[in-house]
> 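Once you've had a glance at the structure underneath, I'll fire off some questions.
Just so it is clear, the model here is predicted, and its values are computed rather than measured. Note that ligands are numbered from 1 as they come in the structure, with each ligand's atoms numbered from 1 the same way.
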Amino acid sequence: MQPDVAQESPESFRDAIATVDAQGKRVWIYPKKPKGRYYTARKWATAVFVALFLVMPFIKIDGEPFLLLNVLERKFVLFGVVFGPQDFHLFMLVMLTFLVFIILFTVVYGRLFCGWVCPQTVFMEMIFRRIEYAIEGDAGEQRRLDQMPWTAEKIGKKALKHGIFFAIAVVVSNYFLAYIIGMDRVLRIIGEPLSEHWVGFLSMLAFSGVFYFVFARLREQVCTTICPYGRLQGVLLVKDSIVVAYDFVRGEPRAKLRKNKSATLSSAETRLQQTEPATGAARREAGDCIDCKVCVAVCPTAIDIRNGTQLECINCTACIDACDQVMDKIGRPRGLIRYDSMTGIESGRRRIFTPRVLGYTAVLLALIALDIALLTGRGVVETIILRSPGQTYQKKDSLHLTNLYTFTLINKANRDLPVRLQLASPAGTIQVVGQPVERLAKGQVYKGAFFVELEKSQLQGRKTPVVIEVWSGEQKIDEVKTAFMGPGKR
Ligand code: SF4
Ligand code: SF4
């Protein structure tokens with residue numbers, strides 16, 4: 001009998017990665033088709049995710065897309081609110097809070113995102129992989145198909161699978177493009193003559209090729225070697241992080257299940273039986289893990305979760321479902337592999353919502369609230385007023401002085417706005433040079449100049465504070481403080 005290397009040296013699993021052989025060649029993974037309560041829940045989560053992904057590019061708020069990340073033209077739309085280059089500070093602030101959110105979320109909930117929401121996992125495991133199972137069968141049949149010569153059956157199955165893969169890649173890439181340049185432009189590229197949209201068409205083709213390659217060939221390599229979030233796990237996870245974890249206290253020492261074994265209880269079983277009623281299953285000396293390796297067989301990154309948390313683990317929950325079924329069969333309680341923290345497993349207390357988790361969750365919610373407040377509290381018009389460079393003051397007559405200012409008005413609203421400038425304090429007048437600004441079109445950036453005229457009696461010295469308001473109809477929409485230069489005290 002071959003010695004079990006993993007048992008001889010508990011750390012030997014670190015010497016190699018499951019997807020590369022000793023010669024450095026890629027090892028193709030054939031994960032067994034998962035089934036169970038988590039897999040069913042993930043199917044529903046996928047349905048919601050895909051529905052949102054497909055519908056969102058068509059949703060518009062006041063004529064603007066619900067979500068647009070146009071990095072090419074530096075235009076971003078979040079929840080229908082347009083952010084232009086002038087909002088960069090706000091955008092960066094939102095991104096920073098988002099970064100903090102990701103860090104805190106990972107510290108508390110581990111890689112929950114990877115398993116349930118990450119587009120790579122959702123598309124790979126819940127769409128492309130399921131199509132593969134439907135056409136080529138489960139892991140064993142897939143392996144046999146790949147090893148057999150190129151018969152008509154193999155050519156037919158491979159052609160069908162890759163044809164569907166490429167068709168989905170085209171749809172997915174078009175949608176991703178819609179999130180960058182907007183669905184209207186994507187539909188124009190599709191609907192109008194090719195000669196008018198060469199660049200757009202080639203971008204779509206390139207995107208489709210990349211997506212097809214990612215899901216047909218690259219697969220788990222994205223998560224295990226490319227994704228930066230995956231690489232960060234080593235520094236983000238703590239002992240209290242909730243991850244997909246193997247209960248080694250209950251499971252070890254692992255041993256194959258043998259019939260008619262003596263009925264002595266292990267310490268782990270004793271602890272379990274104190275908390276749970278006996279199921280009537282055959283008692284044994286070893287822990288609950290029967291070393292069946294079903295949890296490894298279903299893993300899309302081919303790792304053994306019994307070796308502990310590893311960066312290749314995308315928290316897909318397939319091993320939880322697989323092990324639960326094994327536990328059902330041998331009459332042991334479910335949850336030998338489960339969502340838990342290292343602290344929870346070591347202490348034997350299954351308590352996910354600890355005060356620390358609740359505290360971090362409160363901070364996460366506060367960050368979300370801050371982001372919402374930042375986004376919704378943004379003014380509809382941004383006003384920049386500067387004193388005209390190289391100018392001090394002009395005498396209009398013996399009683400009045402004027403200062404010249406330049407101004408910029410940016411309409412950030414999703415509609416045209418009537419606007420007017422008004423001097424709020426001190427008492428005086430504003431005279432716009434040339435045509436006074438009356439209306440700002442949606443997204444318009446208006447530049448102009450105006451004089452502020454004050455009586456000498458209003459001056460407070462060399463610099464007098466001045467407040468200028470921007471009104472739209474009966475509503476004040478912005479206010480700017482600046483200074484009026486005078487001769488000073490003599
Ligand atoms: S499926 Fe459960 S019992 Fe089987 S090897 Fe994995 S942890 Fe052990
Ligand atoms: S170890 Fe389990 S949760 Fe992690 S990737 Fe493998 S099957 Fe998914």
> Using a heavy-atom cut-off of under 4.0 Å, does the side chain or the backbone of Lys293 touch ligand 1, or both, or neither?
backbone

> Quick test of your reading of the model: are Asp146 and Arg144 salt-bridged, counting only N-O distances below 4.0 Å?
no

> Measuring from atom 3 (S) of ligand 1, which candidate in Asp321, Ile290, Asp324, Asp247 has the nearest non-hydrogen atom?
Ile290

> Applying side-chain hydrogen bond (donor to acceptor under 3.5 Å, both in side chains) between Asp324 and each of Lys329, Arg334, Arg37, Arg332, report the one that passes.
Arg37

> Return the orientation label for the Phe101 and Phe98 ring planes: parallel under 30°, perpendicular over 60°, tilted otherwise.
parallel

> Looking only at protein heavy atoms, which one is nearest to atom 8 (Fe) of ligand 1, and what is the separation?
Cys289 SG, 2.3 Å

> Taking ring-ring contact (aromatic ring centres under 6.0 Å, His included) as the test, write out the residues that go with Tyr179, two or more places apart.
Phe53

> Once you measure the plane-to-plane angle for His162 and Tyr212, does it fall in the parallel (<30°), tilted (30-60°) or perpendicular (>60°) bin?
perpendicular

> Does the ring of Trp28 carry Arg143 above it, NZ/CZ under 6.0 angstrom from centre and within 45° of its axis?
no

> Using a 4.0 Å cut-off to any heavy atom of Cys295, which atoms of ligand 1 qualify?
1 (S), 5 (S), 6 (Fe), 7 (S)

> Using the rule salt bridge (charged side-chain N to carboxylate O under 4.0 Å, His left out), only one of Lys158, Arg219, Lys157, Lys33 pairs with Glu132; which is it?
Arg219

> Any idea which protein heavy atom is nearest atom 4 (Fe) of ligand 1, and the distance to it?
Cys292 SG, 2.3 Å

> Which of the numbered atoms in ligand 1 are below 4.0 angstrom from a heavy atom of Ile337?
7 (S)

> Listing residue and atom name, which protein N/O/S atoms are closer to atom 4 (Fe) of ligand 2 than 2.8 Å?
Cys313 SG

> Hey, would you say the Phe165 and Phe128 ring centroids sit under 6.0 Å apart?
yes

